[in-house]
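Read the structure below first, then the notes.
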2 protein chains.
Amino acid sequence: MKIHEINAKMEALKSAFDQYREIPLSQRTRFMHDTGERLLKNKDRLIQIAMKETHLPAERLLGELKRTAFQLTSYADACKNGYWMDIRIQKPAEENKPVIKKMNVPLGPVLIFGAGNFPFAYSTAGGDTACALAAGCSVMVKAHPQHAATSDAVAGIIEEAVKENNMPSHLFMHVHANDLSLVEKLVKHPVIKAVGFTGSYKAGKQIFDWGNTREQPIPVFAEMGSTNPVFILPGKMKESAEPYAQTVSDSILTDAGQFCTKPGILVIQKNTDANIFLKTLQDKMSQATPVAMLNVGIYENYEYKKGLSTEQENVKTISTNKHNRQPLMGTPQLTLIDAKDFIANNVLKQEVFGPYCIIVCCRDINEMKQVASSLEGQLTCTLAATVQEAGQQKELIKILQSICGRFIFNGVPTGVQVCPAMQHGGPFPATTSSLFTSVGPDGIKRFTRPLAFQNVAEELLPDALKETNPLQLWRYTDDRFTR
Amino acid sequence: MKIHEINAKMEALKSAFDQYREIPLSQRTRFMHDTGERLLKNKDRLIQIAMKETHLPAERLLGELKRTAFQLTSYADACKNGYWMDIRIQKPAEENKPVIKKMNVPLGPVLIFGAGNFPFAYSTAGGDTACALAAGCSVMVKAHPQHAATSDAVAGIIEEAVKENNMPSHLFMHVHANDLSLVEKLVKHPVIKAVGFTGSYKAGKQIFDWGNTREQPIPVFAEMGSTNPVFILPGKMKESAEPYAQTVSDSILTDAGQFCTKPGILVIQKNTDANIFLKTLQDKMSQATPVAMLNVGIYENYEYKKGLSTEQENVKTISTNKHNRQPLMGTPQLTLIDAKDFIANNVLKQEVFGPYCIIVCCRDINEMKQVASSLEGQLTCTLAATVQEAGQQKELIKILQSICGRFIFNGVPTGVQVCPAMQHGGPFPATTSSLFTSVGPDGIKRFTRPLAFQNVAEELLPDALKETNPLQLWRYTDDRFTR
C-alpha cells in the first residue's frame, strides 16, 4: 500500500466513524446481531476455510464461531443496556451550580490485529471488533497472515452486514499488511485513536511502543501471553490428586495447548500424593495423540521454546510422548524442576505456546510463596486447595492475586467465559494495560472516553442523557443507580 | 537522595501498601475524613504559609483548602458506596459454569506530583492523593518546589492523621526532588505502579515517556494544560453581549488566570453585537488591577508566552492595561486575530498560563468550524448560543465535543465541580489519557485494576464480593445494579 492509499482508506474510516457514532444504539444493536447471524449462516464455508489454514478441528472451530457470534450479540445487548457507559448525572448541588451529565463516547477509528490462535473469536469479527463496534467506533482489521483467507471470508460477511443494515460504508475495513513498516504506518496514522492486539510479547510490545511515540499517543491494548501458574496445596493433593491431574492435563492438551490461558507452570509440594498426581499427568502427556499446530511458525516456535526450557540447568524431562514426532504436530511434554532452580532462572518463566508444562517442586509453603513472588504479571493464577488450608494461606493468595487479572480457585484457567464479570487482562507483561479487560462487555470501555455535558439544554443532549431516560439505560444519580 | 535511600523509602511504601489494602473500607473512610478535618483545623497556619509562597489571596486559599477537605471526604464516601469499584457478579449461566465475581483492586504504590497552581487542592493532600488513598494505594508525593513549605506543613498533617488513625506507617511519604535525574529514578522505580501529575506539557510528557519506557511500563496520568476555547454564536451575542463579556472576563481574570480551565481563546463572528462584547471585555481587561502571580517562574513564563503570542503575524493587541507593569504582577492582555491567520499559526493555539486571551474573528459559521477543527485536545470546550441556533449547528457541536473532555453550554470553563459526573481530562495534549478523569470519585479508578475471582469460596472472598453484600456496595448482577 502506498501512502496515498493508506490516507484514502483512513479518510474513509474517519468519515464512517463520524456517521456511525450518531446512529441510534438500537440500530447498532440490530446490525451487530445480524452480523452474528450471518456468520453462523455461513458456518460450513467458514469452517472449511479455517480448517485448511489453521489445522484446528471442525468441532473446535464451530464452538469458536458460536462464541464469536455470542460476543457480537452480547456486546450489542450491553449497548442497549448501557451499563458500560458509566453514565453519571449531577443535579445542581446548590443554587447557581451547574447540571453535569457524563457518559462514555467512542474514541474514534480503531485498528485491530487478528490473533493467530483464534481465527474467529479474536480476529476479524472477534472480541476487539465487537467491542469497538459496540462502542461506536469504525474498525480497520489487519488480517493475521496465517489465516488470511478465513479473514477475507469473515470480512466479506461483515461488509455484507454493513451494507444490508444501511451502516456507513467503510465502517469496517480489512487490510493485509505483512510488511513491518506498513504496520507501523497504520499504527501511527493520526486517524487511528486506539489499537487492539492479541499475540506475542515481541509484536505487542513493538505496537505499544509505536502507540506511545506517536505525535499524539494513543492507547494500545495488547494481550501478550501468560504462563497461568497453578499452585496445588497438599490437602487438595490428598483429596483429589488423580481427578485433578486429569482436569489439568486436559487443560494443557486441548487444541495443542494453543491458548493464552493454558497452564504452563504447576507448583506443588513433594509428597506421596503428589506422586499420584505426577504419575497421572505423565501418563496423560505420554499417551496423548499429538495434534497439528496452527501453522509452521507456531510449530517451530513451540519446538524452539520447549527445547530452550528443557535444556535449562536441572530441568528434568518426565514425560516422553509415545507417538512418533512429526512435523507440525505439537508433541506434549512435561518437565520438572526444584523451586530454587526455577526461582533463579527467568527463561523458565516465559510462556511456551503449546502443550508444554513445567512442574515446580517445593519443599514447603514458604518455597511456594517464593516461587509466586518470582513470577511476572499473568492473565490468571490458580490455587487448588481445600477451603480450610486456603484459609490458612492468606499470604500466598495475596501474592497470587497481586500478579494476575483472574484468580481461580480449584479449577483450570482455560475456558474464558464471555460475561460482564470476566477479567481477561493482567499486569505487564501479560498485557500493556491491566486496567482493562479484552473479554466481556466491559471491554467496550477500552474504545471509549468519558465526556461531560455541562448545562447543556435538553434538546442538545444525546438520548442517553435526556431527562426522561428514553433509552432506559442504567444511570448513576444521587448516589444510586436507576433505570 | 542516594539510591539506597530511595530503595529504603520505596520498600517502606510497598510494605505500607500491603497492609493498607487489607484495611476495611470503613476505616479507610474514617482516616480520610479525619485528614480533611485536620486540614481545616490547621487552616490559619496553612493559609499563612501558602500565602507567602504563592501570593494567592487568603480567601482563595481558604476556598481551596475547603475543596481539598471536601475531595478527601467525598472520595472517602465513594469508598463506602463502592460504585467506582465496578463490581460484577456472574452466577453460573448453565450447569458446570463457574461463579465469577469482579471488582477493582488497588494498583500499588502511587507517585504524585504537587501542582504549582493549586498548593492544596492538587498538591500534597490534593485530588490525586485522595483518589489513591481511596483506591487503597500508598502514596509518595513529590513536593512542588515553589510551595515546598506548604507541602511540608500539609504532609505533617497527613502523617499525623496516619498515626492517629492507626494506619500503616509510611502509608504517605513526602519527598523533595528537584534534580531531574532523581525524579526519573522515582518514576522508574519498580515499586511505583502509577503516577499522577498536573502541570506543564513539557514536564508531563517527560514523565509519561519515562513511565512508558520502564522495564514494566506503568500508567502516567498527566494533566498538561488546555486553551479552553469558547465559541460564541451571533444569537447569543445579540441576546447578551455585555453580561456574557462580564462573565467571561471574570473567568479570564480570577487569580491572574492561573487555572488549567481558563478560557484562552474566544471565537466570535464579526458584527455590531460582537463590538459591544469586545468593548466590555476590553474595558474589563484594561481596568483590572493586576495581581501577583504564583512565583517568578510562572510570571516569567507568562511574560514570555504572552509576548510570543502577541508578536505573531497579524495579531492585534486590543487592550492595554492601565496599571503600571510591575514584576510578578500578571498584566491582563487581550489580542485579536482573523480566523484564517489563526488557523495557519500553531503558536497561537498554545496555552498562555495567565490572564491572557486571544479573540479569533470569523466571517461566518463555516470559518468557526474550521477554527474548531484546527484545535488540539482540550480539557473543555464552551459553546455560547441560544438553544435555537445551537440546534442548527450540530456539526460545530460535534467537532467541539470530539476534542474535549467537558462540553459547556452557555457558561465558562472555570469552576470544576467535584462530583461523580465531572470529567476533568481530555484528548492529548490536554492529558496523557482521555479515558480517565482527575476530578470526581471516578478519578479513583486511575489507581485500580479489575480482578476477577472464579469459583472462590465465600470464606476466601473479600467482603465486597460476599454473597450477602455486607458492605452494601453497588453491584451489577443479572443485568441490574443492586445494593
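Residue numbering restarts at 1 for every chain, and letters A, B, ... go by the order of the sequence lines.
Considering only heavy atoms from C-beta on, R406(A) stays 4.5 Å or farther from F453(B) through its side chain. Q417(A) places a side-chain heavy atom less than 4.5 Å from the side chain of Q90(B). Within the 4.5 Å cutoff, side-chain heavy atoms of T437(B) are placed close to those of K102(A). You'll find the side chain of R480(B) reaches within 4.5 Å of the side chain of W474(A), heavy atoms only. In this structure, D209(B) and T213(A) have side chains that are not in contact, with every pair of non-hydrogen atoms separated by 4.5 Å or more. Using a 4.5 Å heavy-atom cutoff, the side chains of R449(B) and P427(A) are in contact. Within the 4.5 Å cutoff, the side chain of V456(B) has no heavy atoms near those of the Q401(A) side chain. At least one side-chain heavy atom of C404(B) sits less than 4.5 Å from a side-chain heavy atom of L451(A).
Scanning residues 380-396 of chain A against chain B with a 4.5 Å heavy-atom cutoff picks out V387(A), A390(A), G391(A), ordered by number.
Counting non-hydrogen atoms of neighbouring residues, nucleotides and ligands closer than 6.0 angstrom, the NZ atom of K66(A) reaches no more than 12 such neighbours.
Among all heavy-atom pairs drawn from P450(A) and S434(B), the shortest one is CD-O, 3.3 Å. Of all the heavy atoms in P219(B) and L435(A), the pair that sits closest is CG-CD1, 4.2 Å. Here the closest heavy-atom approach between residue A421(A) and residue A452(B) is recorded as O-CB, 3.8 Å. Closest of all the heavy-atom pairs between C419(A) and I100(B) is SG-CD1, 4.1 Å.
Between R88(B) and D442(A) there is a salt bridge, with a side-chain nitrogen of the basic residue lying less than 4.0 Å from a carboxylate oxygen of the acidic one. Ion pair K80(A)/D479(B) not flagged as a salt bridge, since none of the NZ, NE, NH1 or NH2 atoms sits closer than 4.0 Å to an Asp/Glu carboxylate oxygen.
With sequence neighbours excluded, the residues forming a side-chain contact (heavy atoms from CB on, under 4.5 Å) with P106(A) are F17(A), R21(A), C137(A), listed by chain and number.
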Open item on the list: For Q423(B) and N104(A): C-alpha separation, side-chain torsions, deciding distance, then whether side chain to side chain contact (heavy atoms under 4.5 Å, CB included) applies.
Closed with: CA-CA 10 Å; Q423(B) 173 61 16; N104(A) 288 335; over 6 Å; no
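For the set G426(A), P420(A), G425(A), the count of heavy-atom pairs under 4.5 angstrom toward chain B peaks at P420(A). Interface summary for chain A: among E459(B), K398(B), E458(B), the most heavy-atom pairs under 4.5 angstrom belong to K398(B). With chain A as the partner, the residue from E376(B), K445(B), H424(B) showing the most heavy-atom pairs under 4.5 Å is K445(B).
Between F481(A) and Y83(B), the ring planes lie perpendicular to each other; the angle is over 60°, past the 30° to 60° tilted range.
Contact of K193(B) with chain A is not made at all, since no heavy-atom distance falls under 4.5 Å. Both the backbone and the side chain of I408(B) come within less than 4.5 Å of a heavy atom in chain A. With a 4.5 angstrom heavy-atom cutoff, D18(A) touches chain B via backbone and side-chain atoms both. For T448(A), the part lying near chain B is the backbone, with the side chain staying farther off; criterion is any non-hydrogen pair under 4.5 Å. Contact annotation for M422(B): both backbone and side-chain heavy atoms come within less than 4.5 Å of a heavy atom of chain A.
The distance from the CD atom of Q454(B) to the CZ atom of F409(A) is 12.5 Å, given to the nearest 0.5 Å.
At a cut-off of 3.5 Å, with distance as the only test, a side-chain donor of N81(A) or Y476(B) sits close to an acceptor on the other residue.
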